[in-house]
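To start, the structure itself, in structure tokens.
Nothing here was measured: the structure is a model prediction, and the numbers come from that model.
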Amino acid sequence: MNASPKLRPLALALCTIVAVAAVAPAFAQQQAGSTSMREAREKRQKELGKQKDSDKGKAADAALWPNATRQEPAEEAKGKNLKTLQEIQGLYEKQDYAGAMAKAEAFAATSGLNSYEKSFAYQLAGASASELQDDAKSADYFKKAVDANGLDNNNHYTAMYNLVVTYYSTGKNEEALALLDKFLAETKSDKPEYQQLRAQLLANTGRGGEAAKTFEAQLAKNPNDKKALLNAVSAYQASGDDAKATKLLEDGYNKGMLTEAKELQVLYANYLNAERFKDAQKVIEDGAAKGILKEGPDLATAYSLLGQNAYYNGSDADALNFYGKAAPMAKDGEAYLNQAKILRAQGKTADAKAAAQKALDKGLKKPEEAKEILAD
């Protein structure tokens, strides 16, 4: 009996974080609890002195981070500087991003600007660079907008978070994590999307155990959050804690949360590698019956491993059954050859020869074993 190949450990990749795109001042509508596009435009116009008279009595915009510890600055744009910022804003809204970026950069470099005027210009430049997919310039401008420290909290923390996302998207995980921690410390926000990004950054910087605990905390708050579940599994795998990864997957499976082939494959692979063959069999057969696990080499390998275990535990009938399921979908004839060997040992010569011929037809590393059976 030739041994079936061992199943390589499978891993789930961290789910992609849907990051907030870089935005112009008050373009906070992409964040949870933020304003609409119309409201954002009205806010920008108000900040640049273009608000309609009928709107001037409206209450101040709702704080996106009401618990923020930062004291908002009171400076404003005035005179010719206000006019220039209005012109830059106009270029941005007309989608002349190159023009807006160039004019904003030139304006920000002039002397005598207050912190608000400088921050506002750099944030417009950062948003324009982002629209032009120039991540390096976008990051530089957003950093300058934050460092100038002249914006209200909504825009200041929008710029800071956009900088976090830009660092993250360009692989600067250490910088992104440090800045996100600063953002969270100052805003006191506990929104799930921020914690999820932080956990992913922890995983990306080799702190898988911390990442897993963060994802698990999110899962505890929302037990049906599949993304949090799979991210916690991935983080535990990355940190080498397969037992915890398997337990989380097992819990998800029992609640009906695992609905894709890769998810079931990771679970049954972990079971097989831990020699939990009955558990693996249940997942494999249930997944195949529901059509989640499709016929193919991966499923054939799983069935072959079940066959191998059955054979070594003295259950020839089960071994033949599993090898029989594996053989037609396997990439080679090894499962057919294993069938043939068991059948020959049982004295079923004709059946053994038929299986050996199928093994040869499908291809074997050692065809002489099948030829020996055929020669009996």
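By the 6.0 Å contact criterion, CD on Glu72 is enclosed, its count of non-hydrogen atoms from other residues, nucleotides or ligands being greater than 12. When the shell of 6.0 Å around CD of Gln71 is examined, it contains 12 or fewer heavy atoms from other residues, nucleotides or ligands. Under a cut-off of 6.0 angstrom, the local environment of NZ in Lys255 is crowded, with over 12 non-hydrogen atoms contributed by other residues, nucleotides or ligands. Within 6.0 Å of the NZ atom in Lys353, the count of heavy atoms belonging to other residues, nucleotides or ligands exceeds 12.
Summarising the geometry of Ala326 relative to Ser304, their closest heavy-atom pair is CB-OG, 3.4 Å, with the distance given to 0.1 Å.
Side chain of Ser239 to backbone of Gly208: no donor-acceptor contact under 3.5 angstrom is found. Thr214 places no side-chain N or O within 3.5 Å of a backbone atom of Ala199 that could act as its donor or acceptor partner. In terms of modelled atom types and a separation under 3.5 Å, the side chain of Asn313 and the main chain of Ser315 share no donor-acceptor contact. Within the 3.5 Å criterion, the main-chain N or O of Ala125 finds no donor-acceptor partner in the side chain of Lys137. Of the possible donor and acceptor atoms, one in the side chain of Thr84 sits under 3.5 Å from a partner among the backbone N and O of Lys80. A donor-acceptor pair is defined here as one N or O able to donate and one able to accept, closer than 3.5 Å; no such pair exists between the side chain of Ser130 and the backbone of Gly126. Under a 3.5 Å cut-off, the side chain of Asp135 and the backbone N or O of Thr170 do not form any donor-acceptor pair. Under a 3.5 Å cut-off, the side chain of Lys362 and the backbone N or O of Ala327 do form a donor-acceptor pair. Within the 3.5 Å criterion, the main-chain N or O of Leu151 finds no donor-acceptor partner in the side chain of Asn155. Looking only at distances, a side-chain donor or acceptor of Asn162 sits under 3.5 Å from a matching main-chain atom of Thr158.
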Which is it for Lys341 and Glu369 under the salt bridge (charged side-chain N to carboxylate O under 4.0 Å, His left out) test, yes or no, and what are the steps along the way?
CA-CA 9 Å; Lys341 290 179 178 181; Glu369 293 181 300; 3.2 Å; yes
From CA spacing to verdict: ring-ring contact (aromatic ring centres under 6.0 Å, His included), Tyr97, Tyr92
CA-CA 6 Å; Tyr97 302 123; Tyr92 182 90; 5.3 Å; yes
Step by step, would you call Arg70 with His156 a side-chain contact (heavy atoms from CB on, under 4.5 Å)?
CA-CA 10 Å; Arg70 174 178 178 262; His156 178 79; 3.5 Å; yes
Test side-chain contact (heavy atoms from CB on, under 4.5 Å) on Gln339 and Lys358; report intermediate values, then the result.
CA-CA 10 Å; Gln339 264 191 325; Lys358 288 180 180 179; over 6 Å; no
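Annotation: salt bridge (charged side-chain N to carboxylate O under 4.0 Å, His left out) contacts of Lys172 (sequence neighbours excluded): none. When the salt bridge (charged side-chain N to carboxylate O under 4.0 Å, His left out) test is applied to Lys221, no partner is found at least two apart in sequence or on another chain. Residues satisfying the side-chain contact (heavy atoms from CB on, under 4.5 Å) criterion with Glu75, sequence neighbours excluded, are Asn114, Ser115, Tyr116. Looking at residues two or more places apart in sequence or on another chain, you find a side-chain contact (heavy atoms from CB on, under 4.5 Å) between Ser189 and Trp65, Thr187, Lys191, Tyr194. In this view, Glu175 satisfies the side chain to side chain donor-acceptor pair (under 3.5 Å) rule with no residue, not counting sequence neighbours. In this structure Phe277 satisfies the ring-ring contact (aromatic ring centres under 6.0 Å, His included) test with no other residue, sequence neighbours excluded. Not counting sequence neighbours, Lys331 has no partner by the salt bridge (charged side-chain N to carboxylate O under 4.0 Å, His left out) test. Among residues two or more places apart in sequence or in another chain, the side chain to side chain donor-acceptor pair (under 3.5 Å) test is passed with Glu216 by Tyr236. For Asn321, the side chain to side chain donor-acceptor pair (under 3.5 Å) criterion is met by no residue, not counting sequence neighbours. Considering only residues two or more places apart in sequence or on other chains, Lys325 meets the salt bridge (charged side-chain N to carboxylate O under 4.0 Å, His left out) condition with Glu285. Residues satisfying the side chain to side chain donor-acceptor pair (under 3.5 Å) test with Asn81, not counting sequence neighbours, are Glu117.
Between the side chains of Asp361 and Gln357, at least one donor N or O lies within less than 3.5 Å of an accepting N or O. Looking only at atom types and distance, the side chain of Tyr122 has no donor-acceptor partner in the side chain of Glu105 under 3.5 Å away.
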For a quick test of your reading: what N or O donor-acceptor pairs under 3.5 Å do the side chains of residues 243-253 make, sequence neighbours left out?
{"unit_1": "Thr246", "atom_1": "OG1", "unit_2": "Asp242", "atom_2": "O", "d": "2.8"}
{"unit_1": "Thr246", "atom_1": "OG1", "unit_2": "Asn270", "atom_2": "ND2", "d": "3.0"}
{"unit_1": "Lys247", "atom_1": "NZ", "unit_2": "Asp251", "atom_2": "OD1", "d": "2.9"}
{"unit_1": "Lys247", "atom_1": "NZ", "unit_2": "Asp251", "atom_2": "OD2", "d": "3.0"}
{"unit_1": "Glu250", "atom_1": "OE2", "unit_2": "Tyr271", "atom_2": "OH", "d": "2.7"}
{"unit_1": "Glu250", "atom_1": "OE2", "unit_2": "Arg276", "atom_2": "NH2", "d": "2.7"}
{"unit_1": "Tyr253", "atom_1": "OH", "unit_2": "Asp286", "atom_2": "OD2", "d": "3.1"}

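Taking 4.0 Å as the cut-off between side-chain N and carboxylate O, Arg344 and Glu372 count as a salt-bridged pair.
Under a hydrophobic-cluster definition in which Ile, Leu, Val, Met, Phe, Trp and Tyr are linked whenever side-chain heavy atoms come within less than 4.5 Å, directly or via other members, Leu132 and Ile88 are assigned to the same cluster. Residues Leu177 and Leu179 fall within the same hydrophobic cluster, defined by Ile, Leu, Val, Met, Phe, Trp and Tyr side chains chained together at heavy-atom separations under 4.5 Å.
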